[in-house]
Structure formats: structure tokens, C-alpha cells
Amino acid sequence: MDGITLEGAPQALASVIIVSFNGRHYLPACLLSVTQDAGAACEVIVVDNLSSDDSAAYVEQEWPDVKLVRSADNQGFAAACNLGASLATGEYLVFLNQDTRGLPGWLPDLLAGLEERNVGLTTSKLLLMAQPDRINLCGQDIHYTGLAFMRGFREDARCHPEPELVGAVSGASFAIKRDLWTHLQGFDEALTMYYEETDLCWRARLAGYHCQYRPGSVLFHDYGPGQHSYARLYYSKRNRYILLFKHWRWATLLLLLPALMVAEILDLGQSALIAPYGLRAKLSAYGWIVTHASPIMASRHRAQRLRKAHDWELLESCTSEARILELASGKARGVALTLANRLFRLNYAFTLALCRALDL
């Protein structure tokens with residue numbers, strides 16, 4: 001396992017941080033898989049984000065060795081993770097969703113990748129809990145316009161058998177060294193929820209690090225496609241714009257403008273298809289961006305100060321193909337997506353070549 005062995009390791013080699021929000025029915029299986037795999041080499045921190053289902057009381061009574069943190073209020077997933085990390089003592093920080101359950105060996109393999117050169121974050125193979133022979137995701141592919149896609153979604157669980165560099169980790173299960181987490185200043189709490197891990201990965205890429213998918217770290221995840229709430233749509237669409245403004249140089253954004261405009265058209269179409277409130281969420285995201293230019297520019301300044309990599313290196317870690325499931329069905333939608341991907345590939349190739357030539 002590339003030098004990572006949990007048996008006999010010092011206390012708190014790793015700190016596993018689980019944010020709990022009304023997840024009482026998930027916690028027994030999740031905590032059991034964590035404690036059985038890690039043993040004394042790991043501390044487990046549960047941050048209860050103001051649950052109303054006695055999650056905190058359950059952890060306090062049934063898991064005395066787990067460090068329970070009761071958040072005074074629910075400021076979102078990103079803030080809760082930061083709170084847990086601030087109390088962690090481990091050399092490695094592992095972030096895990098409450099609705100996951102790991103197979104034996106998931107944790108050592110996840111940590112092993114962090115010992116490889118320039119690997120800053122590692123992520124697990126997540127299988128669908130309701131369909132354990134199918135993949136939920138093996139890390140994320142991030143389109144250069146900020147659209148995020150699950151790698152391997154619904155493929156056979158045996159696919160993707162080798163470690164690979166990926167565009168971003170999955171927030172459901174990933175690890176990072178404490179020193180890098182501190183250097184990156186953790187999650188951007190302004191994002192609240194959704195895209196917080198992608199934002200972290202792009203900052204890590206600017207700082208010179210890669211993300212790696214670890215196929216030996218296998219967990220089940222209770223993911224249900226199509227579970228769209230207004231909050232999920234609003235934050236994911238709003239935070240995508242923040243991601244773009246924070247990380248690309250202005251010259252690169254200008255070069256990407258054709259693709260960004262096409263991505264907006266596709267995203268508007270997807271928003272209209274997935275929920276009756278989809279367009280309202282999209283328009284609300286626009287409104288927030290327009291009225292919060294100052295804090296966005298401040299977060300951009302903090303991200304750009306980390307820069308050791310060029311935009312062409314960040315671009316190389318991105319995909320040029322959009323895989324929008326809602327637009328893939330139906331002849332007219334399929335044609336539109338095919339045409340959009342042709343433009344995406346052309347704009348990607350042109351921008352990558354120019355960024356290299358100009359050393360952007």
C-alpha cells in the first residue's frame with residue numbers, strides 16, 4: 001500500500017470527518033465501516049449540522065470514541081467540514097459523506113495515493129448502494145466551462161481498475177494531507193454546498209498538485225440520480241460561476257467565451273428540463289453573482305496567490321466533452337449536444353495551444 005499501514009500506526013495518523021445532517025439512519029453503517037477499517041490509527045470526528053433527528057444524541061451514546069462536534073447553527077456543508085478539520089489532529093484529513101459505507105481496506109488505499117509525487121488529493125471508487133454492481137463515480141471529470149460530470153456513472157463496478165489522475169475528487173470520499181489543506185485554507189465557505197470540492201481541487205491544481213482516483217478504496221454511496229431540490233440547483237449553478245471567476249486568468253476567460261456562451265445555453269436547457277423551478281434557480285444564481293462582485297474578486301485574489309501552475313496545465317486536467325444526460329435523450333437534444341461538443345473541442349484545442357504559446 002505504498003508505505004501507508006494503519007495497523008500499529010500512531011494515534012490519529014488520519015482524521016475522518018463526517019458531516020451529519022438528519023442522517024441518523026445512515027450513521028450506524030457508516031461509522032462501523034470507518035472504525036473497523038481504521039482502528040486506533042484514526043480519529044473519527046462527526047460534525048452534527050443542527051440535526052433534528054437525534055443524530056448527535058445517537059453518536060454521543062453509542063460511539064463514545066468518536067469526537068462529536070455540535071454546530072451552533074447550520075452554515076452549510078463547507079463550513080461544517082472546515083469546523084471538523086480545525087479540530088482534527090491527524091496528518092491526513094479524510095472527508096466522508098454520512099450516506100456511505102466502506103469495504104475493508106478503503107481507507108489505507110485512499111491514503112496511499114497521497115505519498116505519490118505531486119498528488120494532493122485522492123478519491124475513492126463509489127458504487128451505488130441500491131445497485132452495488134454499478135458505479136456511482138470514480139472521481140469527477142470537470143469541463144473547462146465548469147460543468148461537472150461523474151466518471152463511470154452506471155458502468156460495471158469492475159470498470160476503472162487502475163489509479164488515474166482525475167479532474168476533481170468526489171466530496172463523498174476524499175483525502176488530503178493536513179499541510180496542503182492548511183495551505184489552501186480549506187473549503188471556501190461562501191460556496192455553502194456543492195462545488196466546494198471542485199473549487200478545492202482547482203486551487204490545488206493552481207498550487208501544482210494533482211487529484212488521483214484510487215480503485216482500491218471502495219465504498220457504497222446512497223446516491224439517487226434526479227434528486228434535485230431548489231437549493232441544490234441554485235448553489236450548484238451559482239458556485240460554477242464562482243469557480244470560473246476565481247481560477248481562470250482574464251485572458252483565458254476571454255478565449256473561452258464562445259464555449260462559455262454555448263455552455264450557458266445548454267445549462268439553461270437542462271435547468272428547464274430537470275425541475276419546474278430550474279430556470280428560477282438559474283436566474284437567482286445570475287442575480288447573486290451580479291450583486292456580489294466584491295467578495296468574488298476577493299476570493300479570486302486569494303486563489304490566484306496560490307498560483308504555481310499555468311492555465312494550460314489546469315486546462316489539461318479538464319475534459320472538452322459535455323455529458324449532460326438530460327440533453328442526451330431525444331433526437332433534437334442529441335443533435336444540439338453533438339454540435340455543442342464539436343465547438344467545445346475546437347475552442348479547447350485553440351485555447352490550449354494559445355495558452356501554451358503565450359505561457360498563460
Side-chain angles (χ1 to χ4, degrees), residues 17 77-78 81-82 85 93-97 100 110 113-114 116 118-126 135-153 155 160 163-177 180-181 183-188 190-215 217 219 221 223 232 235-248 252 256 263 267 299 303 306-309 311-324 344 348:
I17 299 160
F77 180 78
C81 286
N82 285 349
L93 302 179
V94 180
F95 295 88
L96 197 65
N97 274 14
T100 59
L110 187 65
L114 295 178
E116 296 190 15
N118 294 332
V119 171
L121 299 93
T122 55
T123 194
S124 304
K125 170 181 275 191
L126 293 164
I135 291 171
N136 173 195
L137 74 168
C138 302
Q140 298 189 78
D141 284 328
I142 308 300
H143 196 266
Y144 62 98
T145 63
L147 300 171
F149 307 109
M150 295 178 287
R151 295 181 70 251
F153 181 58
E155 293 180 17
H160 303 281
E164 301 173 78
L165 297 183
V166 294
V169 303
S170 166
S173 176
F174 77 94
I176 182 173
K177 280 190 175 181
L180 180 57
W181 172 267
H183 178 60
L184 299 177
Q185 298 182 327
F187 283 144
D188 182 348
L191 299 179
T192 307
M193 56 183 173
Y194 302 115
Y195 270 88
E196 70 286 328
E197 78 273 43
T198 308
D199 173 81
L200 183 71
C201 291
W202 274 26
R203 279 185 280 138
R205 190 69 197 96
L206 287 187
Y209 295 91
H210 297 279
C211 301
Q212 187 186 69
Y213 152 68
R214 300 291 302 180
S217 176
L219 299 98
H221 183 209
Y223 172 82
R232 178 174 183 172
Y235 282 114
S236 61
K237 295 181 184 304
R238 187 201 74 167
N239 293 348
R240 172 177 157 254
Y241 302 132
I242 298 175
L243 180 81
L244 296 171
F245 285 127
K246 282 178 66 171
H247 297 91
W248 293 123
T252 306
L256 297 178
D267 199 41
S299 66
L306 297 166
R307 184 180 285 278
K308 291 183 179 179
D311 271 10
W312 62 263
E313 293 174 285
L314 178 56
L315 198 57
E316 281 188 330
S317 72
C318 297
T319 181
S320 62
E321 181 182 358
R323 302 193 304 272
I324 303 175
F344 286 147
Y348 179 89

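We use all heavy atoms of the structure for the numbers below, so side chains are in, but hydrogens, waters and symmetry mates are not. It should be emphasised that the depicted structure is a prediction, and the values quoted were computed from it without experimental measurement.
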- Message: Using the rule given for side-chain contact (heavy atoms from CB on, under 4.5 Å), can you reason through W202 versus K246, listing the C-alpha separation, both sets of side-chain angles and the distance that settles it, and then say yes or no?
- Response: CA-CA 9 Å; W202 274 26; K246 282 178 66 171; over 6 Å; no
L121/Y209 under side-chain contact (heavy atoms from CB on, under 4.5 Å): CA gap, chis, key distance, verdict: CA-CA 8 Å; L121 299 93; Y209 295 91; 5.6 Å; no
Next on the checklist: Go through it in stages, so that I can follow the logic: the residues are Y194 and R232, the test is side-chain contact (heavy atoms from CB on, under 4.5 Å), and I'd like the CA-CA distance, side-chain angles, deciding distance and then a yes or no.
Outcome noted: CA-CA 7 Å; Y194 302 115; R232 178 174 183 172; 3.4 Å; yes
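L110 and S217 get closest at one heavy-atom pair: CB-OG, 3.7 Å. Minimum interatomic distance between G146 and Y195 (heavy atoms only, all atoms of both residues): O-OH, 2.5 Å. The two atoms that bring T100 and A172 nearest to each other are CG2-O, 4.0 Å, heavy atoms only. Taking both residues in full, the closest heavy atoms of C201 and G167 are given as CB-O, 4.2 Å, listed atom of the first, atom of the second, then distance. Here the shortest heavy-atom pairing between A85 and F95 reads CB-CZ, 4.2 Å. In plain terms, the two heavy atoms of L126 and S173 that are nearest each other are CD2-CB, 4.3 Å.
For T122 (side chain) and L114 (main-chain N/O), no donor-acceptor pair under 3.5 Å exists by modelled atom type. When atom types are taken as modelled, the side chain of Y348 and the backbone of E321 share no donor-acceptor pair closer than 3.5 angstrom.
Taken to the nearest 0.5 Å, the CZ atom of F344 stands 12.5 Å off from the SG atom of C318. In this structure, CD1 on I135 lies 14.5 Å from NE2 on H221, to the nearest 0.5 angstrom. Of the inter-residue distances, the one linking H247 atom NE2 with S299 atom OG reads 8.5 Å to the nearest 0.5 angstrom. Between the CG atom of L147 and the OG1 atom of T319 there is a distance of 10.5 Å, given to the nearest 0.5 Å. The structure places CD of E155 at 11.5 Å from CE of M150, a figure rounded to the nearest 0.5 Å. Taking CZ of R238 as the start and CG of L191 as the end, the distance is 6.5 Å to the nearest 0.5 Å.
Residues that satisfy the side-chain contact (heavy atoms from CB on, under 4.5 Å) test with Q140, not counting sequence neighbours, are L137, I142, A148, A168, E197, T198.
Of the charged side-chain nitrogens involved, at least one lies within less than 4.0 Å of a carboxylate oxygen, so that E116 and R214 count as a salt-bridged pair. A salt bridge does not link D188 with R203: every distance from a Lys NZ or Arg NE/NH1/NH2 to an Asp or Glu carboxylate oxygen is 4.0 Å or more.
Using a 4.5 Å heavy-atom cutoff, the side chains of T145 and R240 are in contact. Inter-residue side-chain proximity for T123 and C211 is flagged as unmet; no heavy-atom pair is nearer than 4.5 Å. Within the 4.5 Å cutoff, side-chain heavy atoms of C138 are placed close to those of R151. Between H183 and L306 there is a side-chain heavy-atom pair separated by less than 4.5 Å. Contact check for F174 versus L200: side-chain heavy atoms found under the 4.5 Å cut-off. Contact annotation: the side chain of L219 approaches that of S124 to within less than 4.5 Å [non-hydrogen atoms, C-beta and beyond]. By the 4.5 Å heavy-atom criterion applied to side chains, N239 and D199 are not counted as neighbours. Here the side chains of Y144 and T252 are not in contact, with every heavy-atom distance at 4.5 Å or above.
Not less than 6.0 angstrom separates the ring centroid of Y235 from the ring centroid of F77.
The aromatic rings of H143 and F149 sit perpendicular, their planes meeting at an angle over 60°, well past the 30° parallel limit.
Within a 6.0 Å sphere centred on OH of Y241, heavy atoms belonging to other residues, nucleotides or ligands number more than 12.
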